[in-house]
Amino acid sequence: MISSTLEHILTHISFSTIAIVILIQSMTLFEIEILHNSSERGMISLFLSIFGLLFFRWISLEHLPLSNLYESLMFLSFSLAIIYLIQKIQKQNSKTYLSTIIAPSIICIQSFSTSSLFKGMHQSTILVPALQSHWLMMHVSMMLLSYATLLCGSLLSVAFLVIQFRKKLQISSEVFKQISVSSLLNYHKYQITERLDYWSYRFISLGFIFLTIGILCGAVWANEAWGSYWNWDPKETWAFITWATFAIYLHTRKNKNWKGINSALVAFIGFIIIWICYFGINLLEIGLHSYGSFTLLQN
């Protein structure tokens, strides 16, 4: 009972904190230094609140809370917060523009998990037999870490595409007749797009490693549980499609003719495929992974 109450409180604290962080980040457009520090403290508070939520749930369940969509969404938010903090520690966050991507992503995830899911999924439950394995922690955590990292990289690619698209429109427009002004703007955009492209590649490369490890762990677990390493279950199939898409992305990065806009488009496709694999299959509630499905709130 106490654990459940603490989870409820921490959920609301984390949601309120990330909402405040987004408000602060909007106000940082005025370049007020104290607001930058407040945003960092807010992300640390968010990290601690989600960590506390997962910790108390772990204690009450006596296993890592990754058995349903609600718990996996909380862990996904936690993974995104970890990525943000690691970049802050490395003093690289100002170059990756992650703060403008991660905070809105977390609030969208938490809004969905707290308002759209059936309330029964928020309650602690006994682990179903199919999940009673030591591979639960390794497989699911690696998959969610890969999703978080790949989503960050893909969103950076989307930002890259948006800037490139706008730049092409401005170049073709007759409004920019002053060469000195347009050259300055184009140089600034070139710096931004180069950073976005570079860090997108770094994140997707790391996420691809996590995804590969997660799929391999899942294959070993599947062999223990179902007697076969691969069953072409819908979840497995779309996990393979996700892996193949980002493998294509990494391949295009090696070709100078495909590097840039073309590889960013592949990353954008990968962004869509991740959500199909993560949400779409759960929505259909089919296959061997149906225990991870979700139920929408019914009035």
Side-chain angles (χ1 to χ4, degrees), residues 18 21-22 24-29 31 36 39-40 43 76-77 79-109 145-173 176 181-211 242 245-275:
I18 193 61
V21 168
I22 291 178
I24 292 173
Q25 288 179 348
S26 300
M27 296 174 65
T28 53
L29 295 173
E31 298 296 331
H36 287 282
S39 177
E40 292 180 19
M43 290 301 295
L76 183 62
S77 298
S79 301
L80 290 170
I82 289 176
I83 293 172
Y84 176 90
L85 292 177
I86 290 175
Q87 289 298 302
K88 265 302 179 187
I89 292 173
Q90 294 180 347
K91 304 298 181 181
Q92 297 288 352
N93 195 56
S94 59
K95 296 182 180 181
T96 60
Y97 306 99
L98 273 183
S99 60
T100 56
I101 291 175
I102 288 181
S105 299
I106 292 177
I107 198 169
C108 288
I109 291 171
L145 279 172
S146 72
Y147 289 159
T149 313
L150 290 172
L151 286 172
C152 287
S154 298
L155 286 172
L156 289 172
S157 288
V158 171
F160 170 85
L161 288 172
V162 170
I163 293 175
Q164 288 285 12
F165 179 71
R166 291 185 61 185
K167 183 164 66 174
K168 286 190 175 184
L169 287 180
Q170 290 176 352
I171 290 175
S172 61
S173 175
F176 289 93
V181 176
S182 63
S183 298
L184 182 62
L185 290 173
N186 287 335
Y187 177 72
H188 178 64
K189 288 179 180 179
Y190 172 79
Q191 287 184 312
I192 294 175
T193 54
E194 283 294 302
R195 290 175 183 174
L196 290 172
D197 187 52
Y198 172 77
W199 283 106
S200 174
Y201 173 67
R202 293 285 296 272
F203 277 109
I204 290 177
S205 298
L206 180 61
F208 184 78
I209 295 173
F210 287 148
L211 181 62
T242 304
T245 301
F246 286 104
I248 293 172
Y249 168 86
L250 295 176
H251 179 71
T252 59
R253 294 285 306 190
K254 302 299 181 181
N255 189 330
K256 291 184 179 180
N257 296 328
W258 281 82
K259 184 179 178 181
I261 293 178
N262 293 321
S263 59
L265 286 171
V266 177
F268 172 67
I269 295 172
F271 173 80
I272 298 174
I273 291 176
I274 287 174
W275 289 114

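Scope of the values below: all heavy atoms of this structure, side chains included, with no hydrogens, waters or symmetry mates.
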Inter-residue atom distance Ile204.CD1 - Leu250.CG, 0.5 Å rounding: 7.5 Å
Taking the side chain as every heavy atom from C-beta outward, state whether Asn262 and Thr252 have any atom pair closer than 4.5 Å. no
Nearest 0.5 Å, what's the CD1-OG1 distance between Ile83 and Thr149? 4.0 Å
With rounding to the nearest 0.5 angstrom, report the CD1 to CG distance, Ile109 to Leu76. 4.0 Å
I'd like to check the ring pair (Phe, Tyr, Trp, His ring centres under 6.0 Å) partners of Tyr249; sequence neighbours left out, ordered by chain and number. none
Is there a side-chain contact between Leu151 and Phe203 in this structure, where contact means two heavy atoms from C-beta onward sitting under 4.5 Å apart? no
Between OG of Ser154 and CZ of Phe160, what distance do you get to the nearest 0.5 Å? 14.0 Å
Nearest-0.5 Å distance, CG of residue Leu150 to CG of residue Leu206: 8.5 Å
What is the distance from atom OH of Tyr147 to atom SG of Cys152, rounded to the nearest 0.5 Å? 15.0 Å
Apply side-chain contact (heavy atoms from CB on, under 4.5 Å) to Leu161 and list each qualifying residue two or more places apart in sequence or on a separate chain. Ile261, Ala264, Leu265, Phe268
List in chain and number order the residues that pass side-chain contact (heavy atoms from CB on, under 4.5 Å) with Leu155, two or more places apart in sequence or in another chain; answer none if no residue qualifies. Ile101, Ser105, Phe271
Once side chain to side chain donor-acceptor pair (under 3.5 Å) is applied, do any residues pair with Ser200, and if so which ones, sequence neighbours excluded? Ser157
Under the salt bridge (Lys or Arg N to Asp or Glu O under 4.0 Å) rule, what pairs show up with a residue in residues 246-255, not counting sequence neighbours? Asp197-Arg253
Could you check if a side-chain atom of Tyr84 sits within less than 4.5 angstrom of a side-chain atom of Ile106, using non-hydrogen atoms only? no
Please enumerate all residues that pass ring pair (Phe, Tyr, Trp, His ring centres under 6.0 Å) together with Phe208, with sequence neighbours excluded. Trp243
